[in-house]
Amino acid sequence: MFDADVIVIGSGIGGLVTATQLAAKGVKVLVLEKYLIPGGSAGYFEREGYRFDVGASMIFGFGKQGTTNLLTRALDAVKVQLETIPDDVQIHYHLPDRLDIKVDRSYEKFIQALGDRFPHERQGIRKFYDECWKVFNCLNAIELLSLEEFRYLMRVFFQNPMACLGLVKYLPQNVGDVAKRYISDPELLKFIDMECYCWSVVPADKTPMINAGMVFSDRHYGGINYPKGGVGKIAETLVDGLEKAGSEIRYGVRVTQVIPKSKAKNGAIVVKLSNGETLTAQRVVSNATRWDTFEYLLKDETMPSSEQRWQQRYQKSPSFLSLHLGVKSEAIPSDSACHHILLEDWADMQKSEGTIFVSIPTLLDPSLAPAEHHIVHTFTPSWISDWEGLSPSEYEHRKEEAASKLIARLERIFPTLSQNLDYQEVGTPRTHRRFLGRIDGTYGPIPQRKLMGLLGMPFNRTSIPDLYCVGDSTFPGQGLNAVAFSGFACAHLVASTLNL
Ligand SMILES: NC(=O)c1ccc[n+]([C@@H]2O[C@H](COP(=O)([O-])OP(=O)(O)OC[C@H]3O[C@@H](n4cnc5c(N)ncnc54)[C@H](O)[C@@H]3O)[C@@H](O)[C@H]2O)c1
Ligand SMILES: CC(C)=CCC/C(C)=C/C=C/C(C)=C/C=C/C(C)=C/C=C/C=C(C)/C=C/C=C(C)/C=C/C=C(\C)CCC=C(C)C
């Protein structure tokens, strides 16, 4: 029986980065995953020769230089590598009033294209995106570890005081306020809203400036890079590294309860499994969302007041309705971009099934589909409430109906899509809840109202002794590179409590 120092509940990228970072420091880690494969939202499934990504598809963090390339660094730490394929265009936007913009990997090309569409705002566009670079340059100049660890804060401040002061300045700011300082055209401000919404699922005035600095700059610096073999390879490769470093992962193991050490007989924090087993460790890290951790795994405890306050500040974002399509290659011109955003009416941007996201990873890695075929992974925000209380036949009918509507809308970009369908599978918020173990299938926390940037996001420590949280409901929020940061920070903090 493996005697672990640290137990990590869940093998999402947040959990796996925590586990591998600790394992690289010589800690014995046991990861418990309820599903059959690792990765969570960055997992995959296979059907009829297609390998579909379940969620994450546009991957930041695989750059080669600086300090913000956290996925590259996480793999390097446990001596494993992954081949990636550079994506030349981050997103091709198809927006109302024929606003058609490609975000090129080259910053200058992107700024030129946006300026051509809004010539009267050329200067404002440059100033706004240049300010995002200031945030990124501060982040990319410092070692990225736990902001809860005082010695690190002192060290990083003395090593690079200007970068730290820059970050302190931007931590309480939101994108909307910065954009409005430079830009006044209402249509361009809507475009900036969409630039934020498509990864933060909130408009610019609720999106933290630190996160935008990462996304709007890193796409031109390290770039968007797709892992060869599919997004699932990231988690699989991290698991290889974890095992090489002497730690373990168990699959098909659902944690049902965490018992704080004050209630446990031997004074150590306890984890109970659905098969009746109980395990103890010196520290436990939960990669389940904070809602799942405090409302389900700690259901017998009074909710700590810090968590109650967090729940008042943040709400669950919608989940997604996902359409996994296999299509004949005739439907997709070979010079298409891999990622697209489609919206016909600005009033619908935040509505359920309003904005459509598209990812066609086979344009970068054809091995994910049978020869002469593509994957068209299409998703759109959708609330769990729209899918509950239905009979099995109503549920199936609602899925069919939603899929047909999405396909019809997508024909604005790919006019022969419906004629070329080969495979179709629909995932709903219920699917995300069931397979990813995420409450209501949520994509993560979003501010209830306009907040001060990232200041309200909790870090990794919780008020339950020896229990830590990692993943997208901890600082700095959603995104694989963001949860990788949360994993680096969590492992650093846990290691410091173990005097490593
Ligand atoms: N880039 C993109 O295109 C994109 C798209 C969708 C999602 N994402 C990102 O994916 C990230 C998700 O990462 P994450 O690390 O927060 O977590 P995650 O939700 O991906 O992983 C959590 C893991 O914990 C497991 N788990 C949950 N409860 C459990 C229990 N009780 N017992 C055992 N296992 C349990 C789940 O099965 C899952 O594997 C998010 O940041 C999200 O933004 C990115
Ligand atoms: C000492 C003193 C005085 C002071 C100090 C200060 C400091 C140091 C501070 C610091 C800070 C920090 C470090 C911070 C950090 C941050 C980070 C890292 C962040 C990150 C972020 C990232 C992100 C946000 C990302 C994201 C992404 C995403 C979400 C994506 C998504 C996508 C999707 C959904 C999609 C899609 C689309 C299509 C398909 C089209």
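Both ligands and their constituent atoms are indexed starting at 1 by order of listing. Counting begins at 1 with the first residue of the sequence.
- For the pair Lys109 and Asp88, the salt-bridge criterion is not met [side-chain N within less than 4.0 Å of a carboxylate O].
- Between atom 39 (C) of ligand 2 and the options Val156, Val358, Ile356, the minimum heavy-atom separation is to Val358.
- With a 4.0 Å heavy-atom cut-off, ligand 1 is reached by the backbone of Val253 but not by any atom from C-beta on.
- For Val470, no heavy-atom contact with ligand 1 is shorter than 4.0 Å.
- No donor-acceptor distance shorter than 3.5 angstrom exists from the side chain of Asp205 to the backbone of Lys450, with no hydrogens or angles considered.
- Distances from atom 25 (C) of ligand 2 to the heavy atoms of Leu165, Val215, Asn481 show the closest one on Val215.
- Within the 4.0 Å heavy-atom criterion, neither part of Leu454 lies near ligand 2.
- Those atoms of ligand 1 with a heavy atom of Leu480 less than 4.0 angstrom away are 9 (C), 10 (O), 11 (C).
- Using a distance-only test at 3.5 Å, with no hydrogens or angles considered, no donor-acceptor pair links the side chain of Asp218 to the main chain of Met214.
- Counting atoms of ligand 1 from 1 in the listed order, those under 4.0 Å from a heavy atom of Gly10 are 23 (C), 24 (O), 25 (C), 34 (N).
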Audit row: Asp365, Arg51, salt bridge (charged side-chain N to carboxylate O under 4.0 Å, His left out) steps and yes/no
CA-CA 11 Å; Asp365 183 355; Arg51 185 184 250 234; over 6 Å; no

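- With Cys198, Ser146, Ala163 as candidates, the residue nearest to atom 35 (C) of ligand 2 on a non-hydrogen basis is Cys198.
- Comparing Ala56, Ser486, Gly444 against atom 2 (C) of ligand 1, the shortest heavy-atom distance belongs to Ala56.
- For the pair Asp87 (side chain) and Tyr226 (backbone), a donor-acceptor distance under 3.5 Å is absent.
- Enclosure of atom CZ in Arg434 is not indicated, since only 12 or fewer non-hydrogen atoms of other residues, nucleotides or ligands lie within 6.0 angstrom.
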Check step by step if salt bridge (charged side-chain N to carboxylate O under 4.0 Å, His left out) holds for Glu195 and Arg219.
CA-CA 12 Å; Glu195 277 259 89; Arg219 62 191 183 182; 2.9 Å; yes

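- Distances below 4.0 Å separate heavy atoms of Ser41 from the following atoms of ligand 1: 7 (C), 10 (O), 12 (C), 18 (P), 19 (O), 20 (O).
- Contacts between Thr68 and ligand 2, counted as non-hydrogen atom pairs separated by less than 4.0 Å, are absent for every part of the residue.
- Residue contact check: Ile341 has heavy atoms under 4.0 Å from atoms 40 (C) of ligand 2.
- With a 4.0 Å heavy-atom cut-off, ligand 2 is reached by the side chain of Phe157 but not by its N, CA, C or O.
- Using 4.0 Å as the threshold, Ser57 has a heavy atom nearer than that to some atom of ligand 1.
- Within ligand 2, the atoms closer than 4.0 Å to a non-hydrogen atom of His339 are 39 (C), 40 (C), numbered from 1 in the order shown.
- The proximity of Leu436 to ligand 1, defined as any non-hydrogen pair under 4.0 Å, is limited to the backbone.
- Selection from Ile9, Val271, Val8 by nearest heavy atom to atom 30 (C) of ligand 1 gives Ile9.
- The closest approach between any non-hydrogen atom of Asp292 and ligand 1 is not below 4.0 Å.
- Between the choices Arg250, His377, Glu33, the shortest heavy-atom distance to atom 37 (O) of ligand 1 belongs to Glu33.
- No side-chain donor-acceptor contact under 3.5 Å links Asp53 to the backbone of Gly230.
- Of all the listed residues (Thr378, Ile142, Leu145), Ile142 holds the heavy atom that lies closest to atom 8 (C) of ligand 2.
- Below 4.0 Å from some heavy atom of Met58 lie the following atoms of ligand 1, by number and element: 1 (N), 3 (O).
- In summary, the atoms of ligand 1 found under 4.0 Å from a heavy atom of Leu32, numbered by their order in the structure, are 33 (C), 34 (N).
- At distances below 3.5 Å, at least one donor-acceptor pair connects side-chain atoms of Thr380 with backbone N or O atoms of Thr355.
- In this structure, the side chain of Asn275 engages the main chain of Glu277 through a donor-acceptor pair within 3.5 Å.
- When atom types are taken as modelled, the side chain of Thr462 and the backbone of Leu467 share a donor-acceptor pair closer than 3.5 angstrom.
- With ligand atoms numbered from 1 in the order given, ligand 1 contributes 15 (O) to contacts under 4.0 Å with heavy atoms of Gly14.
- Within the 3.5 Å criterion, the main-chain N or O of Leu321 finds no donor-acceptor partner in the side chain of Ser382.
- Not a single heavy atom of Phe320 sits less than 4.0 Å from an atom of ligand 1.
- For ligand 1, the atoms sitting less than 4.0 Å from at least one non-hydrogen atom of Gln478 are 41 (O), 43 (O), numbered in the order shown with element in parentheses.
- Here Ile210 has side-chain heavy atoms under 4.0 Å from ligand 2, and that is the only part of it that gets that close.
- One option in Met457, Gln478, His377 has a heavy atom closer to atom 26 (C) of ligand 2 than any other, and that option is Gln478.
- Polar contact with ligand 1: present for Asn287 (N/O pair, distance under 3.5 Å).
- The N/O atoms of Gly479, backbone and side chain alike, include one that comes under 3.5 Å of an N/O atom in ligand 1.
- Judged by distance alone, with hydrogens and angles left aside, the side-chain atoms of Thr207 form a donor-acceptor pair with the main-chain N or O of Pro203 at under 3.5 Å.
- Taking 4.5 Å as the limit, some side-chain heavy atom of Ile407 sits within range of a side-chain heavy atom of Leu325.
- Atom OG1 of Thr20 sits about 11.5 Å away from atom CG of Asp240, to the nearest 0.5 Å.
- Of all atoms in ligand 1, numbered sequentially from 1 with element shown, those under 4.0 Å from a heavy atom of Arg254 are 32 (N).
- Judged by distance alone, the side chain of Tyr152 and the main-chain N or O of Glu143 form a donor-acceptor pair under 3.5 Å.
- Interface atoms of ligand 2 facing His340, defined by a heavy-atom separation under 4.0 Å, are 40 (C).
- Met58 places none of its side-chain heavy atoms less than 4.5 Å from the side chain of Phe357.
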